[in-house]
K.L.:
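Have a look at the structure that comes next, please.
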Amino acid sequence: MTNHPSSSSGMQGARKEHLYKVLVIGDLGVGKTSVIRRYVHQTYSTNYRATIGVDFALKVLNWDSETVRLQLWDIAGQERFGNMTRVYYREAMGAFIVFDVTRPTSFEAVTKWKEDLDSKLMLANGQSIATVLLANKCDQGRDEFTNNGIKMDQFCKDNGFVGWFETSAKDNLNISEAANFLVKHIMATESDILKSVVPDTISPQLDSNRQMSCSGCFKP
């Protein structure tokens, strides 16, 4: 008979687990798949095919005494122009929006991706999900905007990003740091939601002046 560590040490020995869905979005060719492959598999290639629709990857983190599982959704760059993003975004707790520092048009598209995300997804507390901006391919140079950290900070503040990082999938620069930063925000958000939502579910407040109606109610 096999002994399971969790059963032999009791409930106190069981690690708390979190599963978070994280979106990775941005224009075609900005390096979303490369960032994910570097983060999850520690590999890099210049030969990735364009993602069709959506792809998935799982990253498991040992976070203090807890386990965090990140389900990364790699969403194709052209999907913003379709109707499927609402389905893809559902139940996500965090997001990376990626642009290519060598292609100004991919940065111009960032606000469109953020608007699309915010219009289709909202947390239980009515807030937008934690979103981090990745200025990718910084190994190939820096554009005028990312060279000015103050401007980037202001851009993030104006557009609802929790922060930004210069990243390089090729050089493995700042990808784990950006992910850890996002996870911290997700966990803090989750804690806030639990504090605000749970009391309401225990003692719901009903408007006594509102006339209740139900098409399926039995009427004698």
K.L.:
For Tyr39, does its backbone N or O pair with a side-chain atom of Lys59 as donor and acceptor, under 3.5 Å?
P.N.:
yes
K.L.:
Would you compute the distance between atom CG of Asn125 and atom CD1 of Ile193 and round it to the nearest 0.5 angstrom?
P.N.:
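One gets 4.5 Å once the value is rounded to the nearest 0.5 Å.
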K.L.:
Does the side chain of Gln71 come within less than 4.5 Å of Tyr20's, by heavy atoms?
P.N.:
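Contact flag for Tyr20/Gln71 side chains = no.
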K.L.:
Is it true that a side-chain atom of Gln42 and a backbone atom of Arg38 form a donor plus acceptor pair closer than 3.5 Å?
P.N.:
yes
K.L.:
Could you measure the distance from the NZ atom of Lys184 to the CH2 atom of Trp63? Nearest 0.5 Å is fine.
P.N.:
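The NZ atom of Lys184 sits 6.0 Å away from the CH2 atom of Trp63.
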K.L.:
Report the distance from atom OG1 of Thr167 to atom CG of Asn174, rounding to the nearest 0.5 Å.
P.N.:
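Output value for this atom pair is 7.5 Å.
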K.L.:
So how far is it from Ser34 OG to Ile175 CD1, rounded to the nearest 0.5 Å?
P.N.:
8.5 Å
K.L.:
Run the numbers on Asp100 and Ser106 for side-chain hydrogen bond (donor to acceptor under 3.5 Å, both in side chains), then give the verdict.
P.N.:
CA-CA 6 Å; Asp100 177 348; Ser106 71; 5.5 Å; no
K.L.:
Ile25 and side-chain contact (heavy atoms from CB on, under 4.5 Å): which single residue from Asp74, Thr131, Ile75 fits?
P.N.:
Ile75
K.L.:
Report yes or no: does Asp171 contribute a side-chain atom to a donor-acceptor pair with the main-chain N or O of Asp139 at less than 3.5 Å?
P.N.:
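No, the answer is negative, given that no donor and acceptor are paired below the 3.5 Å cut-off.
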K.L.:
More than 12 non-hydrogen atoms from neighbouring residues, nucleotides or ligands closer than 6.0 Å to NZ on Lys157, yes or no?
P.N.:
no
K.L.:
Checking side-chain hydrogen bond (donor to acceptor under 3.5 Å, both in side chains) for the pair Ser168/Lys137: CA distance, chi angles, key distance, verdict?
P.N.:
CA-CA 5 Å; Ser168 167; Lys137 303 188 183 181; over 6 Å; no
K.L.:
Can you see whether Ser65 engages Lys16 through a side-chain donor-acceptor pair at a distance of less than 3.5 angstrom?
P.N.:
no
K.L.:
What closest approach, in Å, do Ile186 and Met93 show between heavy atoms, and which atom pair accounts for it?
P.N.:
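That closest heavy-atom pairing would be CG1-O, 3.5 Å.
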K.L.:
Taking all non-hydrogen atoms of both residues into account, name the closest pair between Trp113 and Ala76 and its distance.
P.N.:
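The answer is CH2-O, 3.9 Å.
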K.L.:
State the CG-CE distance between Asp64 and Met187, to the nearest 0.5 angstrom.
P.N.:
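The distance works out to 7.5 Å.
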K.L.:
Could you verify whether a donor N or O on one side chain and an acceptor N or O on the other, from Trp164 and Asp153, lie under 3.5 Å apart?
P.N.:
yes
K.L.:
Between Lys114 and Asp118, is there a salt bridge with N-O shorter than 4.0 Å?
P.N.:
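Salt bridge: yes.
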K.L.:
Applying side-chain contact (heavy atoms from CB on, under 4.5 Å), can you list everything that pairs with Ala92, at least two apart in sequence or on another chain?
P.N.:
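Result, side-chain contact (heavy atoms from CB on, under 4.5 Å) vs Ala92: Lys21, Leu23, Leu121, Ile129.
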K.L.:
When rounded to the nearest 0.5 angstrom, what distance separates CD in Gln140 from CG in Asn136?
P.N.:
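So the CD of Gln140 and the CG of Asn136 are separated by 8.5 Å.
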K.L.:
Measure from the side-chain N and O atoms of Arg69 to the backbone N and O of Leu58, and report whether any donor-acceptor pair falls under 3.5 Å.
P.N.:
no
K.L.:
Is it the case that Asp116 and Tyr89 place a side-chain donor and acceptor less than 3.5 Å from each other?
P.N.:
yes
K.L.:
Would you confirm whether the ring centroid of Phe96 sits within less than 6.0 angstrom of the ring centroid of Phe161?
P.N.:
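When the ring centroids of Phe161 and Phe96 are compared, they turn out to be at least 6.0 Å apart.
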K.L.:
Excluding sequence neighbours, so at least two apart, what forms ring pair (Phe, Tyr, Trp, His ring centres under 6.0 Å) with Tyr88?
P.N.:
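In terms of ring pair (Phe, Tyr, Trp, His ring centres under 6.0 Å), with neighbours along the sequence ignored, Tyr88 is linked to no residue.
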